[in-house]
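Encoded as structure tokens, the structure appears first; notes follow it.
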Amino acid sequence: MKPYSKNWKLIMSDTNTISIDNPILDVDNIRADFPLLSKEIGGKPLIYLDNGATTHKPKQVIERVRKFDSDEYGTVRRGSYRLCEHSTQLYEEARQKVADFLGAPTRQEIVFTSGTTQSINLVAHSFGRKFVNSGDEVIISNIEHHANTVPWQVLCDEKGATLKVIPVADNGELVMEEYDKLLTNKTRIVAVNHVSNALGTINPVNEITRKAHAVGAKVLIDGAQSTPHMKVDVQGINCDFYTFSGHKMYAPSGIGGMFGKMEVMETMSPYVTGGDMIMQVTLEKTTYAKPPARFEAGTPPISQVIGLGAAIDYLNAIGMDKIFEYEKSLLDYGTRLLNDIDGLRIIGNAEEKAAILSIYLEAVHPHDIITMLDQDGIALRGGHHCAQPTMIRFGVPATARASMAFYNKFSEIDALAESLRKIIKFFS
């Protein structure tokens, strides 16, 4: 484990528990922005550690959506009256915020979708069905979310292509030497996550992309678990597609999207057809609009897009570098505490990890762990985390996952550890 930042002060109490004095983020002040974090569950203060599934929304996002819906709402791109023009301006300003947040060269390379799942399916359909043929190859990894596994399985089945899988080592890191062997001149696309939702592993996406491009393949990065927690630079990665979900980055649900290189998207056919994604329609023929409109058929989720823009404003105000450093310290702290608990195993111990602790107790099923933690007001997710091949690889049916965010406190990790000790004692 890497040493704590010099900005962090370790304090050992009389009870031999560790706390950390944090000068980087004013977490109490941040928590005041999140209404649900002050609630109680069954008479216990809520300790919310399921941020990998979905994050809570700050009042700034909630209020921005409310104001738009009550005072500004109009459809977009469908009229020249003032409400419509204003809504369209706000909508496109949010697109620019996403582009800046991801380091995209232009907002025209940002496509709004319902989230990462739809974005990956868009690429599998619009790119895959056009450019992947019989005998071609698609590469994913052994630690993907089902959303970055099933679409490629379906595509390969339909096209007669081969799906190859990058293996994962015992510590949760991809075996890059094996990845090198998988790449051939038949590889058409490599699709991997930036951060594993089940293990927290941060994958070497720059290296993965560079090597894929060397054999002429395109690259899709599933950024669902990275965009809320670290600074992303799609130009630095040089990937062809980068996907994300708003509900994991303090925005409303039902909104997300992807970055796509313009020169690649211009070669792709629409995923969904209908209104506003066309240049001209006659009864004989239709011509399509340029991206991103080509991939945004129908009336979009306007309020959610405005909320996404507000969430990005909120994250930028805190600073992604500060968020990453703080969450890394939560991870280091939690790893140290949980590793001291007999009978507990952390699944996934990559050198580079996001703030995810995947917990396995030999004597207790994860679903029972979650139920008992809930009695203490602690919210975790238990299950296979839509990553069954990962669970199979590590020989467990499921895990209890503690996924942390910048509004979590070290005292909450203490409470988690204490509750896990009680559970182990109960079942011993």
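As the structure is a prediction and not an experimental result, all values here were calculated from the model. Any value given below was found using the heavy atoms of this structure, including those in side chains, with hydrogens, waters and symmetry copies removed.
- Legend: residues meeting ring pair (Phe, Tyr, Trp, His ring centres under 6.0 Å) with Phe101, ordered by chain and number and at least two apart, are absent.
- More than 12 heavy atoms of other residues, nucleotides or ligands lie within 6.0 Å of NZ in Lys159, so this atom counts as buried by the packing criterion.
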_Residue pair Glu352, Lys328: steps toward the salt bridge (charged side-chain N to carboxylate O under 4.0 Å, His left out) verdict_ = CA-CA 10 Å; Glu352 298 295 331; Lys328 181 63 167 64; over 6 Å; no
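- Every residue two or more places apart in sequence or in another chain that forms a salt bridge (Lys or Arg N to Asp or Glu O under 4.0 Å) with Lys261 is listed here: Asp240.
- Trp152 is listed as a side-chain neighbour of Ile120, based on a closest heavy-atom distance under 4.5 Å.
- For Lys164, the salt bridge (Lys or Arg N to Asp or Glu O under 4.0 Å) partners at least two apart in sequence or on another chain are Glu137.
- For the residue pair Thr209 and Asn238, no side-chain donor N or O sits within less than 3.5 Å of a side-chain acceptor on the partner.
- Panel note: side chain Ser245, backbone His247; no donor-acceptor pair is recorded below 3.5 Å.
- Aromatic ring orientation, Tyr250 versus Phe406: tilted (interplanar angle from 30° to 60°).
- To the nearest 0.5 Å, atom CG of residue Asn185 and atom OG1 of residue Thr187 are 7.5 Å apart.
- The NZ atom of Lys218 sits 6.0 Å away from the NE2 atom of His213 when rounded to the nearest 0.5 Å.
- Nearest heavy-atom pair, Glu296 versus Ile110, reported as atom, atom and distance to 0.1 Å: OE2-O, 4.1 Å.
- Remark: Arg294 engages no residue in a salt bridge (Lys or Arg N to Asp or Glu O under 4.0 Å) (not counting sequence neighbours).
- Using a 4.0 Å cut-off between charged side-chain N and carboxylate O, Asp100 and Arg107 make no salt bridge.
- Here His194 contributes atom NE2 and Asn203 contributes atom CG; the two are 8.0 Å apart, rounded to the nearest 0.5 Å.
- For an aromatic pair to be called close, the ring centres must be under 6.0 Å apart, and Phe241 with Phe259 fails this.
- Inter-residue side-chain proximity for Leu308 and Met249 is flagged as met; some heavy-atom pair is nearer than 4.5 Å.
- The 12-atom threshold is not exceeded at CZ of Phe426, counting heavy atoms of other residues, nucleotides or ligands nearer than 6.0 Å.
- Between Lys322 and Glu325 there is no salt bridge, since no side-chain nitrogen of the basic residue lies less than 4.0 Å from a carboxylate oxygen of the acidic one.
- A heavy-atom distance below 4.5 Å is not found between the side chains of Thr390 and His384.
- In this structure, Lys422 pairs ionically with Asp376, as a charged nitrogen and a carboxylate oxygen lie closer than 4.0 Å.
- Using a 30° and 60° split on the angle between ring planes, Tyr91 and Phe112 fall in the perpendicular class, above 60°.
- No donor-acceptor pair closer than 3.5 Å links the side chain of Gln108 to the backbone N or O of Met262.
- Scanning all heavy atoms of the two residues, the minimum distance from Leu36 to His56 falls at CD2-CE1, 2.8 Å.
- Qualifying ring pair (Phe, Tyr, Trp, His ring centres under 6.0 Å) partners for His367, counting only residues two or more places apart in sequence or in other chains: His365.
- Of the residues Thr243, Thr227, Asn121, the one that meets the side-chain contact (heavy atoms from CB on, under 4.5 Å) test with Thr116 is Thr243.
- To the nearest 0.5 angstrom, Phe295 atom CZ is 11.5 Å from Ser119 atom OG.
- Contact of the Lys211 side chain with the Leu183 side chain is registered, since non-hydrogen atoms from C-beta on lie closer than 4.5 Å.
- Ion pairing between Asp28 and Lys409 holds under the 4.0 Å rule for side-chain N and carboxylate O.
- Remark: the Asp157 side chain and the Gln153 side chain contain no N/O donor-acceptor pair separated by less than 3.5 Å.
- No hydrogens or angles considered: a donor-acceptor pair under 3.5 Å links the side chains of Tyr407 and Asn51.
- Glu412 pairs by the side chain to side chain donor-acceptor pair (under 3.5 Å) definition with Arg31, Asn408, not counting sequence neighbours.
- For the residue pair Glu93/Gln89, the side-chain donor-acceptor check at 3.5 Å is satisfied.
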